[in-house]
Structure formats: C-alpha cells, structure tokens
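Note sheet for the following structure.
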Amino acid sequence: MSRIVSPSKIVCVGRNYAEHAKELGNPMPKEPLIFLKPSSAVIGDGEPIVLPPQSQRVEHEGEIAVVIGARLKRVSEQPALAGIAGVTCANDITARDLQKSDGQWTRAKGFDTFCPVGPRVVPVKDLGDLTKLEVRCRVNGQLRQQGKASDMAFPIPLVLSYISRIMTLEPGDLVLTGTPAGIGPLVAGDVVEVEIPGVGVLRNPVVAA
Ligand code: MG
C-alpha cells in the first residue's frame with residue numbers, strides 16, 4: 001500500500017503499439033505522441049482506483065513504466081538509456097468516453113487514482129535488455145492485455161530522447177511507454193493487475209466514488 005514514486009511529472013506515450021492504435025481506429029503516429037498525467041493521480045500497489053461520477057466508461061491500460069534516475073535534457077538515445085533508474089508497472093487509467101468527447105486528454109487521464117504505479121522499481125542492470133520486457137494486464141484473473149517491448153513503434157531510448165528535447169526529465173519522473181491491445185472497461189468490484197515478469201505485479205481494486 002505504498003507509493004514508490006513522487007514524480008514532478010508523468011509523461012505518457014499514446015499509440016506506441018500498432019494493434020492498440022488499430023483497436024481504437026487510430027492511425028499510427030509518425031513520431032511519438034506524448035501527453036501528461038498529473039502527479040496527483042499516482043497511487044500505489046493495493047490502493048483503490050476510484051471511478052469518477054463524470055464518466056460512464058473507465059478503462060485499464062497496462063504499461064511498462066520507466067523511472068528517471070538522472071537529469072535528461074536534450075540527450076541522445078544512449079545517455080537516455082543510461083539515465084533510467086529502473087522499471088516498474090503502471091496502469092494508465094482512462095475515462096474513454098471523456099477522452100472522446102473532450103477532444104484532448106487532460107480530464108480523461110487526470111482523475112485522482114488514475115495512475116497506479118508499483119509494486120517496486122527494478123534497476124535496469126537487474127533486467128538486462130529492455131526490449132525483452134513484457135507486460136500483461138488481467139482483470140479478475142482474466143488476461144486482457146499482453147505486449148512485448150519489442151513491439152513498440154518507438155523504443156524506450158528513442159522515447160526518452162524525444163521527450164528530453166521538449167521538456168527536461170528530472171530524477172523521479174515517470175514515463176509510461178504505451179499500452180498494447182486489449183484495453184477494456186473496469187467496474188466497481190473489479191481487481192486489475194499489471195504484471196511485468198521480473199518486476200512484479202501491480203494489483204488495484206476498483207471502487208465507486
Ligand atoms: Mg496509455
């Protein structure tokens with residue numbers, strides 16, 4: 001039940017897996033499509049995701065997240081990779097109906113509790129090749145999403161370099177690297193899990209407001 005990160009910002013990549021872009025009817029972007037989630041959305045392993053009354057359709061997005069370990073400002077891919085403190089599991093919870101109706105994503109992605117992160121940060125040296133990472137998302141024990149980092153359109157070092165040319169990444173910042181296909185709704189009473197083998201399982205119950 002602990003929050004393992006307190007990022008100054010959370011930078012997320014949209015549509016980084018072709019199959020996920022396709023399931024929402026979106027074309028693949030030609031360069032990374034990034035957006036921000038507020039740090040106030042962060043909760044830890046075991047804490048509840050609260051469904052807001054403003055939305056009728058809240059969905060899970062299991063993702064591989066990297067925690068930044070060094071200040072990254074206009075860096076190329078190699079120093080970006082070296083600047084990662086570690087990897088953790090994240091869930092980019094999204095009010096899908098509001099994402100569509102608002103035309104931009106701040107409200108849909110920004111509610112309190114909409115960024116579960118955990119259960120721990122595993123250093124890159126303990127994980128080896130980041131392109132070998134996999135992520136799975138289960139709801140009530142049923143597998144809903146499964147993705148491999150090797151299927152990302154924009155690999156992690158490229159994403160970090162790209163972001164660092166826009167905004168300085170600070171130690172503790174969090175980068176969510178996109179969700180694979182299989183997103184779906186959450187309702188009160190569900191338990192959603194994001195697992196990265198070698199990192200752990202992030203488990204959160206879903207509750208009504
Ligand atoms: Mg996402």
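Residue numbers start at 1 and run along the sequence shown.
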Donor-acceptor check, side chain of D173 to backbone of S8, threshold 3.5 angstrom: yes or no? yes
Neighbour count >12 (heavy atoms, 6.0 Å) for atom CD, Q142: no
Give a yes or no on whether the backbone of P157 and the side-chain of S161 come within a donor-acceptor separation of less than 3.5 Å. no
I want to check something: taking the side chain as every heavy atom from C-beta on, are Q54 and L98 in contact at a cut-off of under 4.5 Å? yes
Any side-chain to backbone donor/acceptor pair from E63 onto A90? Under 3.5 Å, distance only. no
Linking I/L/V/M/F/W/Y whenever their side-chain heavy atoms sit closer than 4.5 Å, directly or via other members, would V199 and V194 fall into one cluster? yes
Looking just at side-chain N and O atoms, do E47 and T113 make a donor-acceptor pair shorter than 3.5 Å? no
Correct closest heavy-atom pair for N140 and G189 would be OD1-O, 4.2 Å
The salt bridge (Lys or Arg N to Asp or Glu O under 4.0 Å) partners of D129 (sequence neighbours excluded) come to K132
Keeping to residues at least two apart or across chains, list the ring-ring contact (aromatic ring centres under 6.0 Å, His included) pairs with something in residues 148-186. none
Could you give me the CA-CA distance, side-chain angles and deciding distance for R71 and T168, then say whether side-chain contact (heavy atoms from CB on, under 4.5 Å) is met? CA-CA 7 Å; R71 194 159 201 258; T168 304; 3.8 Å; yes
Pairwise side-chain contact, V42 with S6, heavy-atom cut-off 4.5 Å (strictly under): no
Any non-hydrogen side-chain atom of V207 less than 4.5 Å from a side-chain atom of I49? no
Is there a donor-acceptor pair under 3.5 Å between the side chain of N16 and the backbone N or O of V13? no
Hey, what do you get for CD1 (I68) to CG (L174), rounding to the nearest 0.5 Å? 8.5 Å
Donor + acceptor pair across side chains of H20, R15 (<3.5 Å): no
Taking atom types as modelled and ignoring hydrogens, do the side chains of Q104 and T106 form a donor-acceptor contact shorter than 3.5 angstrom? yes
Verdict with reasoning, N204 to N91, per side-chain contact (heavy atoms from CB on, under 4.5 Å): CA-CA 9 Å; N204 299 92; N91 203 335; 5.6 Å; no
Are the side chain of Q145 and the backbone of P180 linked by a donor-acceptor contact shorter than 3.5 Å? yes
Give the minimum heavy-atom separation between A181 and E23, together with the two atoms involved. CA-OE2, 3.3 Å
Check against salt bridge (charged side-chain N to carboxylate O under 4.0 Å, His left out), R138 and E193: CA-CA 5 Å; R138 288 183 292 269; E193 294 173 321; 2.9 Å; yes
Okay, side chain of D45, backbone of L202: is any donor-acceptor separation there less than 3.5 Å? no
Measure the CZ-CD distance between R96 and Q56 for me, rounded to the nearest 0.5 Å. 15.0 Å
What one should report as the nearest heavy-atom pair of L186 and V139 is CD2-CG2, 3.9 Å
Do you know the tightest heavy-atom contact between P27 and A21? O-CB, 4.4 Å
Please report the interatomic distance CG(L36) to SG(C12), rounded to the nearest 0.5 Å. 7.5 Å
For residues V191 and V206, determine if any side-chain heavy atom of one lies less than 4.5 Å from a side-chain heavy atom of the other. no
I want to check something: taking the side chain as every heavy atom from C-beta on, are I43 and V117 in contact at a cut-off of under 4.5 Å? no
State, to 0.1 Å, how close G46 and P205 come at their nearest heavy-atom pair, and which atoms those are. O-CD, 3.6 Å
Under 3.5 Å, is there a donor-acceptor pair between the side chain of S164 and the main chain of V75? yes
Cluster check I64, I4: I/L/V/M/F/W/Y, side chain < 4.5 angstrom: no
Minimum heavy-atom distance between G200 and C89, given as atom pair plus value: O-SG, 3.4 Å
Could you give me the CA-CA distance, side-chain angles and deciding distance for E61 and K109, then say whether salt bridge (charged side-chain N to carboxylate O under 4.0 Å, His left out) is met? CA-CA 11 Å; E61 294 191 3; K109 302 273 194 179; 3.4 Å; yes
Nearest 0.5 Å, what's the OG-CZ distance between S76 and R165? 6.5 Å
How long is the span from the CD1 atom in I84 to the CG atom in L72, to the nearest 0.5 Å? 8.5 Å
Applying side-chain contact (heavy atoms from CB on, under 4.5 Å), run through K9 and M167 and close with a yes or a no. CA-CA 10 Å; K9 57 186 169 298; M167 59 189 84; 3.8 Å; yes
NZ on K37 to CZ on F111, rounded to 0.5 Å: 10.5 Å
For the side chain of T177 and the backbone of I156, is there at least one donor-acceptor N/O pair under 3.5 Å apart? no
Determine whether L127 and L81 fall in the same hydrophobic cluster, where Ile, Leu, Val, Met, Phe, Trp and Tyr are linked whenever their side-chain heavy atoms lie under 4.5 Å apart. yes
Please examine the side chains of V58 and T94, heavy atoms only from C-beta on, and report whether any two atoms are closer than 4.5 Å. no
C137 side chain near V192 side chain, heavy-atom distance below 4.5 Å: yes
Let me know which of S40, P38, P52 forms a side-chain contact (heavy atoms from CB on, under 4.5 Å) with F114. P52
Applying a strict under-4.5 Å side-chain criterion to I, L, V, M, F, W and Y, I'd like to know whether V122 and V135 cluster together. yes
Check for me, please, whether V175 and I93 land in the same ILVMFWY cluster - side-chain distances under 4.5 Å, paths through other members count. no
pair V87-L130: side-chain heavy atoms closer than 4.5 Å: yes
Residue pair H60, D190: steps toward the side-chain contact (heavy atoms from CB on, under 4.5 Å) verdict: CA-CA 11 Å; H60 56 83; D190 284 345; over 6 Å; no
